[in-house]
Engineer: 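A single structure is presented below for examination.
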Amino acid sequence: NKPVTIAVDGPAASGKGTLSRNLAKELRLAHLDTGALYRAVGYKTLQAGVPFDDEARIEQLAQSIEASDLASPELRSEATGAAASKVSTLMRVRAAVGEFPKQFAENPPPGSSGAVLDGRDVGTVLLPNATLKLFITASDEVRAQRRLDELKSRGGNLEGVTFEKVLQDMRERDRRDRERAAAPLKAADDAVIIDTSNMNEAQVMDASIAEVKRAC
Ligand code: C5P
């Protein structure tokens with residue numbers, strides 16, 4: 001029995017992370033947030049003060065990532081998100097990071113019959129034969145508001161954080177993710193696209209479960 005694999009891709013703050021956690025729980029699958037891997041590399045790069053074009057040193061940092069690096073609350077900051085999108089343009093960094101999610105999906109942890117992976121290139125590059133591919137999106141404004149709400153709910157320093165600034169930073173990150181040569185953000189040809197602009201968490205979940213039933 002091949003493990004069930006669900007690929008969930010989409011731009012920043014589209015709701016793909018929340019959906020992936022909900023799907024994994026409901027379907028008793030393991031969940032891997034592949035963005036956290038790139039965030040960990042981005043955070044290490046910032047901390048070590050390595051310039052973003054030093055591919056060889058950032059590749060080394062990527063190879064040194066351990067499970068404990070994925071738990072840091074610093075991973076969730078906007079600065080780390082921006083750093084992640086810079087290091088993830090580097091081919092050798094993608095090669096170093098990319099093996100882990102593939103292994104995870106092929107050999108999910110004991111007790112789970114498969115895995116949900118979310119990111120930017122899960123359906124296009126990491127798992128081209130996924131059981132189901134979802135591409136989750138929403139308007140720029142809706143996504144910026146969600147990101148702002150998330151930043152507020154987490155507390156922390158909100159100095160200089162405005163809707164306009166969040167929107168602008170998000171658009172810049174999306175552009176970098178879409179336009180890069182290596183595994184750009186895009187929906188796989190066989191992905192089901194769900195626009196969540198006018199949907200709540202439960203509605204996105206219902207629409208996705210309907211697709212799971214069709215695909216499995
Ligand atoms: O999803 P998240 O916002 O945590 O991802 C942070 C950054 O990591 C993205 O903007 C993207 O540049 C990069 N990423 C990627 N490939 C993935 C997941 C994330 O390049 N599969």
Side-chain angles (χ1 to χ4, degrees), residues 5-24 31-46 52-53 55 58-59 61-62 65 69-105 115-128 130 133-138 140 142-151 154 166-188 191 196 204:
T5 47
I6 302 181
V8 183
D9 291 300
S14 54
K16 63 186 187 311
T18 303
L19 171 67
S20 300
R21 275 191 298 279
N22 291 343
L23 279 176
H31 171 226
L32 179 67
D33 165 11
T34 65
L37 300 167
Y38 290 98
R39 284 175 181 266
V41 180
Y43 184 56
K44 280 197 177 219
T45 304
L46 286 176
F52 285 110
D53 59 359
E55 186 157 3
I58 302 176
E59 179 188 32
L61 295 175
I65 295 294
D69 293 318
L70 304 179
S72 161
E74 299 297 333
L75 254 47
R76 293 291 125 207
S77 78
E78 289 298 273
T80 303
S85 101
K86 288 179 190 159
V87 299
S88 68
T89 62
L90 303 170
M91 205 58 118
R92 282 156 68 179
V93 170
R94 299 204 73 82
V97 170
E99 280 313 308
F100 180 77
K102 265 187 261 180
Q103 293 297 329
F104 184 91
V116 182
L117 271 67
D118 71 297
R120 300 291 184 290
D121 66 338
V122 182
T124 50
V125 175
L126 294 177
L127 305 177
K133 300 176 185 178
L134 298 173
F135 191 86
I136 308 301
T137 179
D140 292 0
V142 165
R143 293 188 294 114
Q145 189 60 50
R146 284 181 191 159
R147 179 50 50 86
L148 190 62
D149 293 344
E150 185 191 330
L151 290 171
R154 227 183 293 125
V166 171
L167 180 64
Q168 193 190 335
D169 288 353
M170 207 188 64
R171 282 181 168 150
E172 190 183 319
R173 178 141 72 97
D174 286 347
R175 189 172 337 103
R176 203 181 298 120
D177 288 349
R178 283 202 180 89
E179 292 178 359
R180 70 184 179 211
L185 165 68
K186 67 163 188 250
T196 70
V204 180

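Counting starts at 1 for both ligands and their atoms, in listed order.
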Engineer: Quick one, P11 and R178 - any side-chain contact, counting heavy atoms below 4.5 Å?
Structural biologist: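 Sidechains of R178 and P11: in contact.
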Engineer: Non-hydrogen atoms closer than 4.0 Å to ligand 1: which protein residues do they belong to? List them by chain and number, please.
Structural biologist: K16, T34, G35, Y38, R39, A84, S85, S88, R94, G119, R120, D121, R173, D177, R180
Engineer: Consider only side-chain N and O atoms of R146 and T196, and report whether a donor and an acceptor are under 3.5 Å apart.
Structural biologist: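 Yes, because at least one side-chain N or O of R146 sits under 3.5 Å from a partner of the opposite role on T196.
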Engineer: Could you tell me which non-hydrogen atom of A79 sits nearest to which non-hydrogen atom of L46, and how far apart they are?
Structural biologist: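 Minimum heavy-atom separation between A79 and L46: O-CD1, 4.0 Å.
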Engineer: Got L32 and F100 here, is their nearest side-chain heavy-atom distance under 4.5 Å?
Structural biologist: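 SC-SC contact between L32 and F100 confirmed.
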Engineer: So H31 and D118, do their side chains get closer than 4.5 Å, heavy atoms only?
Structural biologist: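 Yes. Closest side-chain heavy atoms under 4.5 Å.
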Engineer: By side chain to side chain donor-acceptor pair (under 3.5 Å), which residues pair with R176, not counting sequence neighbours?
Structural biologist: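 With neighbours one apart ignored, the set is S85, E172.
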